[in-house]
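Written out below as structure tokens is the structure these notes cover.
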Amino acid sequence: HDQPPAQDGGHQPRLVATVLGGWLVVAGVLRLVEAGIAAEVGGSPTLLTVAGLLHVIAGVMCLRDLLHSADLLAVGVGTAWLAGGVSEVMSAVTAGRGGWPRLGALAAGGLGVTGGLLLAFWPQVSLDVIVWVAGGWWLAMAAVHCCLALRATRSAAP
């Protein structure tokens, strides 16, 4: 039987959960790889490992359709973003790097913490707000990383 679309936007929650879930899994795996690299060069991979695991867990929960409501989706994604942001800030503060790499890590971490807190403590936001926050967060992160890449190529040029 053909059923009318659900009041929650039809397939929209499943699409959002799938996109966010896929992104969280990829981000988590990348953080785990980064933790492995940090361990090899004598760094402290603990926060990166925790953040990576939280990203992967939240991503799998989204992909497995375990987060049936926008509230749970917001809390799951918010927790992963918060953990990633905290690990990024701690990495910037404790690492020996300075200048633009430190500022970029602080900016990325601040965005993660802000987005994570927003979603974790305001889970009753609508799915549309989650989509806009996620989109804005991704654009802001892309801008930070582009600035860092441009800065790195300028300083690496002969």
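- Listed by first then second residue, pairs satisfying salt bridge (Lys or Arg N to Asp or Glu O under 4.0 Å) with a partner in residues 139-150 number zero, not counting sequence neighbours.
- Ala35 approaches Thr49 most closely through the heavy-atom pair CB-OG1, 3.4 Å.
- Through direct or relayed side-chain contacts under 4.5 Å between Ile, Leu, Val, Met, Phe, Trp and Tyr, Leu30 connects to Val26.
- Between Leu24 atom CG and Leu54 atom CG the span is 10.5 Å, to the nearest 0.5 Å.
- The two residues Val86 and Val113 come nearest to each other via the heavy atoms N-CG2, 3.7 Å.
- One finds the CG atom of Leu117 at 12.0 Å from the CH2 atom of Trp81 (value rounded to the nearest 0.5 Å).
- Heavy atoms only, all atoms of each residue included: Gly28 and His55 are closest at CA-CB, 3.4 Å.
- Proximity of a side-chain donor or acceptor of Ser87 to a complementary backbone N or O of Gly84 within less than 3.5 Å is detected.
- Hydrophobic clustering of Ile, Leu, Val, Met, Phe, Trp and Tyr side chains at less than 4.5 Å, counting indirect connections, keeps Val50 apart from Met90.
- Among residues at least two apart or in separate chains, salt bridge (Lys or Arg N to Asp or Glu O under 4.0 Å) pairs with a member in residues 17-38 are Arg31-Glu88.
- When all heavy atoms of Val56 and Leu32 are compared, the closest pair comes out as CG2-CD1, 4.4 Å.
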